[in-house]
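By convention in this document, chain letters (A, B, ...) are assigned in the order of the sequence lines, proteins followed by strands, and residues within each chain are numbered from 1.
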Amino acid sequence: MRIATWNVNSIRSRLEHVKIFLKDNNIDILGMQELKTEEKHFPFEDFKSLHYYVEVFGQKAYNGVALISRFQFEKVDRNVLVESEARTILGVVRGIHILNVYFPHGGEYGSERFFYKLEFYQKIKNYILKNDFLNTDFILMGDFNVAKDPIDVWDPVALNGTIGFMKEEREAITDLMSVGLIDAFRYLYPDVQEFTWWDYTGGSFRRNWGMRIDYILISKSLLPKLKNCYIEKTFRKLEKPSDHVPVVLELLD
DNA sequence: ATGGTTGTGCAACAA
């Protein structure tokens, strides 16, 4: 089974890229972030005709998350934190709880958005603990908007203290993972430097000035089923790409 | 270089 996450930066602008990705990577379940559309403009039929079940939590212009799956959803819960912004959707597929999250960008140090981001991390942690997901087959994936360790950024010295690599942000993601969530990519490849996001400005992708801010975290019970986790960098090379690329988790059936 | 790029939706904001 192949489960993926991708910040598409507008589903209506990225629909053709997503279709190529699903086909070429034989994806069973995909969590998307930054749909930038309300449900009424989401391209449901495009995914249904590819034989996916579709669950969307949209919002006008900003945010928005979705889960699509080749297997029926046993349960769906939009907006698990009951926030005004569309950032979370939970689906249960084949007995696995999959929580797809678009963590806040946060903005500058000390800003209102910065504190919102840190509080959001705390709320996600509390929600997971409260529902006892760590003792089940559980996946937390999405755009975390934080690079956890120095290996996860192109230049830890230059980026120290900048958005996505501040001490407080790194502590927040470390604290969340410390409850017992395993970073699938890092678990398999402890010393490999790969990125999932490159800024649109300044030729960042060409220079490989990137950060790994998109993750798939799994609970301990899924570890025996972990086959692979890879980052599909090629989608950043296409015309009009998202600034993020997909991350794929392969589980044994 | 107080820059640079993309998307929504039509000016300004968010990323």
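Comparing dA15(B), dG9(B), dT8(B) against the side chain of His105(A) picks out dA15(B) as the nearest. Of the candidate nucleotides dA14(B), dT5(B), dA15(B), dT5(B) has the atom lying nearest to any side-chain atom of Thr201(A).
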Ring pair (Phe, Tyr, Trp, His ring centres under 6.0 Å), that's the test. Do Phe21(A) and Trp6(A) meet it? Break it down for me.
CA-CA 10 Å; Phe21(A) 170 66; Trp6(A) 194 1; 5.3 Å; yes
Ring pair (Phe, Tyr, Trp, His ring centres under 6.0 Å) assessment of Phe205(A) paired with Tyr200(A):
CA-CA 8 Å; Phe205(A) 184 65; Tyr200(A) 281 127; over 10 Å; no
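The base-pairing partner of dA11(B), taking Watson-Crick or G-U wobble contacts with both distances under 3.5 Å, does not exist among the strands shown.
Listed pair Lys240(A) / dG7(B) meets the phosphate criterion, a side-chain N or O lying under 4.0 Å from OP1 or OP2. Between Arg14(A) and dG7(B) there is a side-chain N or O to OP1 or OP2 distance below 4.0 Å. Between Arg12(A) and dG9(B) there is a side-chain N or O to OP1 or OP2 distance below 4.0 Å. Between Ser204(A) and dG4(B), a side-chain N or O to OP1/OP2 separation shorter than 4.0 Å is absent.
dG4(B) atom P lies 14 Å from atom CZ of Arg207(A), rounded to whole Å. Distance CG (Asn9(A)) to P (dG9(B)): 13 Å, rounded to an integer number of Å.
Residues Asp199(A) and His244(A) both approach DNA chain B. Their nearest nucleotides, taken by heavy-atom distance, put Asp199(A) toward the 5′ side. Both Asn63(A) and Gly202(A) lie close to DNA chain B; mapped to their nearest nucleotides by heavy-atom distance, the more 5′-ward contact belongs to Gly202(A).
Residue contacts shown for Tyr102(A) are limited to sugar-phosphate atoms, with no base heavy atom under 4.0 Å away. As judged by a 4.0 angstrom heavy-atom cut-off over every strand, Arg236(A) is placed among residues making no nucleic acid contact.
Ring geometry for Phe120(A) against Phe103(A) counts as perpendicular: the plane angle is over 60°, on a 0 to 90° scale with 30° as the lower cut.
A donor atom on one side chain and an acceptor atom on the other are found under 3.5 Å apart for Ser221(A) and Asp137(A).
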